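Here is the structure we will look at, set down as structure tokens.
We count residues from 1, following the sequence as given. Remember, it's a predicted structure, so these values are computed and weren't measured experimentally.
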Amino acid sequence: MSNLLDQAKTILTIAKDTAKTSVTAGFGVYGTILDEASKSSDKATQIFESLVERGAPVESKLKEQTSAIFTKKTTSEPVKTKLQSITGRFTGAQDSKLSELESKIDQLTVLISELNTAPKKVTKAKVTAEA
């Protein structure tokens with residue numbers, strides 16, 4: 001029986017050692033993950049800071065360009081012309097042009113219908129003898 005008890009104690013000791021080793025390995029994995037995350041975080045921070053440095057001059061140039069656009073004086077004549085053209089379509093200023101175009105289409109329709117009619121028969125005049 002003593003031999004069986006010794007074997008059980010040996011198995012228990014081996015199980016405890018294996019469990020302890022497994023837990024320690026898990027802590028090692030966790031520590032490695034933390035180290036790698038820290039390195040990645042540091043690298044990400046460095047990249048972000050370099051982007052901020054590169055973006056600062058671009059921001060000032062962009063501000064200059066946009067302010068130049070807004071302070072640039074433009075005439076409103078092209079805008080007025082386009083606006084009159086658009087509103088003319090809705091207010092009827094184009095009506096006279098449309099009426100003129102419709103009358104020309106009507107004239108063409110009449111001419112085409114006259115061309116499509118069968119030609120009239122030509123009759124020969126009778127010649128009378130005078131002599």
Side-chain polar contacts of residues 51-62 - donor-acceptor pairs under 3.5 angstrom, sequence neighbours left out - could you list them?
| from | atom 1 | to | atom 2 | distance (Å) |
| --- | --- | --- | --- | --- |
| S60 | OG | P57 | O | 2.8 |

How far does [atom1] of [X] sit from [atom2] of [Y], to the nearest 0.5 angstrom?
{"X": "I33", "Y": "S38", "atom1": "CD1", "atom2": "OG", "result": "13.5 Å"}
{"X": "K16", "Y": "T13", "atom1": "NZ", "atom2": "OG1", "result": "6.5 Å"}
{"X": "T45", "Y": "K43", "atom1": "OG1", "atom2": "NZ", "result": "12.5 Å"}
{"X": "E102", "Y": "D106", "atom1": "CD", "atom2": "CG", "result": "7.5 Å"}
{"X": "T32", "Y": "F27", "atom1": "OG1", "atom2": "CZ", "result": "13.0 Å"}

**Message:** So, applying side-chain contact (heavy atoms from CB on, under 4.5 Å) with I14, which one of T10, D17, L12 is it?
**Reply:** T10
**Item:** Residues that E64 engages under salt bridge (Lys or Arg N to Asp or Glu O under 4.0 Å), provided they are two or more places apart
**Value:** none
**Item:** Side-chain heavy-atom pair L111, E114 within 4.5 angstrom cut-off
**Value:** yes
